[in-house]
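Naming: A, B, ... by sequence-line order, numbering from 1 per chain. Hydrogens, waters and symmetry mates are skipped; everything else that's a heavy atom, side chains included, is used.
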Amino acid sequence: MDIFSRFADFVTVSVHQLIEDGQVTPLQAVNTEKLVVELPREESHGDLACNAAMVLAKQVSMAPRELAGLLADKLAANEDIAVVDIAGPGFLNITLKPGIWPAELNAILSAGSVYGQSDIGNGQAVNVEFVSANPTGPLHAAHARGAIFGDALANLLAFCGFQVTREYYINDAGSQVDTLARSAFLRYREALGEERITIPEGLYPGEYLKDVGEALKTRYQDSLRNQPEVVTLPIVRSFAIDAMMDGIKADLRELGIEMDVFTSERDLVEQGHVDEAIGSLRDRGLVYRGVLAAPKGQLPDDWEEREQLLFRATEFGDDTDRPLQKSDGSWTYFASDVAYHADKLNRTGGALINVWGADHSGYVKRMTAATQALSEQNDMLDVKLCQLVTLLDKGKPVKMSKRAGTFVTLRDVMETVGADVMRFIMLTRRNDQALEFDYAKVTEKSRENPVFYVQYAHARASSVLRQEDIRGLTEQGQPDLALLSDMHEVRLIKQLASWPSVVRTAALTHEPHRVAFYLIDLAALFHGLWNAGRDNPALRFILESDAGLTRARLNLVAATAQVIKTGLNLLSVRSPEEM
RNA sequence: GGCCUCGUAGCUCAUCAGGAUAGAGCGACAGAUUCCUAAUCUGUAGGUAGCAGGUUCGAGUCCUGCCGAGGUCACCA
C-alpha cells in the first residue's frame, strides 16, 4: 500500500476512535469517501495534507477546525509523524519524521515493475472500443490520436485490475464500402489492361486501391470483368474490405497496438442482431413511427417531412428522437450501432468506453441514451472524444486532401518520427484539446521535446547504474536510505511515492495523459538533481569517498529509472538505456 | 438557429473526478559555464482563469446566462 493510502487509513481509524471515545457524535454512519491524504502544494505545509476535518465536519456537526484539533491529537500518536498543524479552513498538515520518505524507496524497489499496480478494477470487465476507422482506406494521421489514446487507456485499466477488451468495430455494412468496392473494381479493370480509367467524382481515387486491383486480378483473372454488378459487388467488396483491414492491422501493429476483438457491422445485421436489439427497445415502448420536426436554421437542400421509425432518445436526455430506418427500409447507422452496443453489453457484462473523434460529438447523446435504454443503468458508457491533430512541419501546415486521395497516412508520420514519438506526443495533451504535432519539434533532442526529455532521464539513470557495475563501488546489503536528506532528493522521492495515485486517478478518470505529464515532472526532478550535482559536487550520485551515501543514492536512481520505465511501458513507449 | 467540446502568463499547456498563496516549459530580462555527470545551467519578472451571476466552509474545476473559437445537425458512416 502506498504512503498516502496508509495515512488515509490511519486518519479514518482515528476518526472512528474519536467516535468510540464519544468525543465526536455523527448524525449517521460517517462517510469517508472524500477523505484524501495528498502532497500539499506548498512544501512549507509539511509532507502530507489531509482534508478530513473539512469533509467530515458537517457529518458530525462540528466546526472543521475544532474537529481538526481532535484529529491532530490522535494523529500525533503515530510513530512516523513528527508534527501535525491545523491550517487554513481545517487542513491537517502532517510533517513526518526524518527517514520516512527515504524508506519508501524500499517499497518501490521491492515492488519492481508492478509498483503502482492496483486492484481497484477488481476484475471488472471494461470494453474499450477505439480506432474503428472505416475500412475504406489506410489509417491516416488523424486516427493516430484515438488509437494511441485508447491503447494507453486500456493498458492503464489493465494495470489497475480491470479485465480489459480492446475492440475495433468494422463499419462494413453501409454505402461507403459499396463505394470502396466500385472504386476497387475500376482499379481491377485497370489492372486487366483497360486504358483511360478515370475515377469519377464520389468514388475513392486513392492510389492504394491499385494494389487491390492487382490482387483481384491475381485472384480472379478476368472472370469478374463482364459480370453484372449484383454479382461482382459482394465479391469485390469483401475482398477489398479484407485488404483494407489487413493494412490497418499492420499499421496498428507498427504502433504497438493489438486488438482483442474485431466486430463486423455486416455480421450484426446479417445475423439479425439489429432486429433483435430494436425489438427489445420496442418491447419497452421506446420505438415508434413518427415524424421529426425539421431542424432549426438552415435546412438541408433535400429536406422533406417523412414518417420514420424512431427511438425515443428524448426519454434519456437527447434533444430529439432518432431515426432507425432509412427511406429504403434498411437500418440506419445508428440502428446497427444500437445493436452493436447491445452486443458489447451482453458479451462483456461490464462498462463500455468508446473513443471517438471530435466530429462525432453530436452522436454522443443518442448513443448514451441508447445504452441507458439497453442496460437500464446510466453509467455504462463513457465516450471519450479526441480533438483534432494539426500536422505541422517547422510551423507550417502539412497539406492533406482526402478528396484528392493524397492524405497523410499514419504510416507516413510514423516513418518520419518513429512510433515512440508518435505515441508519447499524442498523450501530451488532454484528449479534449486540439493538438499541434510539429515534425521538427517532436524529433528535436532538447529540453523542449518531452519524449526526448523523459527517455533521456531514463538513459541517464541507466548510465549511472552502469557506472556502479563497472566500478563496483557498492557492496551487498541494505543501504542507509535515511542519508537521502537533501531537498532535491526528498522531492524526487515524494514524486516517486505519488506514482500509484497518479495511475489510479488516470485510470478512473479515463485520462492517460496524466501519466505522460507525471513522467515529464519526474524527469524534470531527476534532471534537476543531476544538475544540482554540478554546482555542488557533494550531491553527485557516485562519490568515491562515501560508499554508504553512494549506495543510498543508487537506490534512488534505480527507483527513478524503474518508475519511468513502468510509466513509459503503460504508454507503450520504449525506455532506452543509452541514447 | 439547436446541440457538443473548448476559452488559464506574451506563446504552448498542466492543475491529482471542489481544496490552501493557480503551476511548468518556451519567449523576455539578469547571471553562470578553465574543473565537473553540460545533446547547457541558475535566477527574476509575468495572472481579475472570457464575462456576469449561482451552489458550497471553499470554485479554474459544479449549475445558469452571455461573449468568443472549433465541431456537428433526418434519409453518411
Base versus backbone protein contacts along nucleotides 20-30 of chain B [heavy-atom cut-off under 4.0 Å; B, S, -]: B--S-SS----
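- When heavy atoms are screened at a 4.0 angstrom cut-off, A:Tyr518 is found touching no nucleic acid atom at all.
- A:Glu167 and A:Tyr340 share a side-chain donor-acceptor pair at under 3.5 Å.
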A:Lys326 vs A:Asp328, test: salt bridge (Lys or Arg N to Asp or Glu O under 4.0 Å). Steps then yes/no. CA-CA 5 Å; A:Lys326 302 182 201 170; A:Asp328 67 358; 5.8 Å; no
Using a 4.0 Å heavy-atom cut-off to protein, can you give one letter per nucleotide of nucleotides 64-77 of chain B, 5' to 3': B if the base is in contact, S if only the sugar-phosphate is, - if neither? -------BS-BBBB
Note, RNA chain B 5' to 3' with Watson-Crick or G-U pairs under 3.5 Å encoded as ( ), [ ], | and . gives (((((((..((((.....[...)))).(((((.......))))).....(((((..]....))))))))))))....
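- The P atoms of B:U40 and B:C26 are separated by 10 Å, rounded to the nearest whole Å.
- Checking B:A14, B:C16, B:C3 against every side-chain atom of A:Arg514, the shortest atom distance belongs to B:C16.
- Comparing the same atom, P, in B:A17 and in B:U61 gives a spacing of 15 Å after rounding to whole Å.
- Across B:G25 and B:C66, the matching C1' atoms stand 34 Å from one another, rounded to whole Å.
- Across residues 502-509 of chain A, A:Thr505, A:Leu508, A:Thr509 each have a non-hydrogen atom less than 4.0 Å from an atom of RNA chain B (numbered order).
- Taking the six-membered ring where the residue is Trp, the centroids of A:Phe452 and A:Phe424 are separated by 6.0 Å or more.
- Residue A:Lys365 is classed as a sugar-phosphate contact, given heavy-atom separations below 4.0 Å to backbone atoms only.
- For the residue pair A:His273/A:Asp343, the side-chain donor-acceptor check at 3.5 Å is not satisfied.
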Could you encode protein contacts along nucleotides 42-50 of chain B as a string, one character per nucleotide from 5' to 3', using B for base contact, S for sugar-phosphate-only contact and - for no contact, with a heavy-atom cut-off of under 4.0 Å? ---------
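- When the P atom is compared between B:G47 and B:U8, the two are found 15 Å apart, to the nearest whole Å.
- Taking every heavy atom of residues 431-445 of chain A and every atom of RNA chain B, pairs under 4.0 Å involve A:Asp432, A:Gln433, A:Ala434, A:Lys445, by number.
- Judged by distance alone, the side chains of A:His527 and A:Arg447 never bring a donor and an acceptor atom under 3.5 Å apart.
- Each of A:Leu385 and A:Glu578 lies near RNA chain B, and the nucleotide nearest A:Leu385 is the one positioned closer to the 5' end.
- Comparing A:Met579 and A:Met54 by the nucleotide of RNA chain B that holds the closest heavy atom to each, the one mapping nearer the 5' end is A:Met54.
- Spacing of C1' atoms, B:C41 relative to B:C35, comes out at 15 Å, to the nearest Å.
- On the P atoms, B:A20 is 15 Å away from B:A24, given to the nearest whole Å.
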Under the side-chain contact (heavy atoms from CB on, under 4.5 Å) criterion, do A:Ser118 and A:Val503 qualify, and how do the steps go? CA-CA 9 Å; A:Ser118 71; A:Val503 171; 5.8 Å; no
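- With P as the reference atom, B:A9 and B:G2 are 28 Å apart, rounded to whole Å.
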Applying salt bridge (Lys or Arg N to Asp or Glu O under 4.0 Å) to A:Glu511 and A:Arg514, what does each step give before you reach the verdict? CA-CA 6 Å; A:Glu511 293 180 346; A:Arg514 289 175 190 272; 2.6 Å; yes
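- Nucleotides B:A30 and B:C67 are separated by 45 Å at their P atoms, to the nearest Å.
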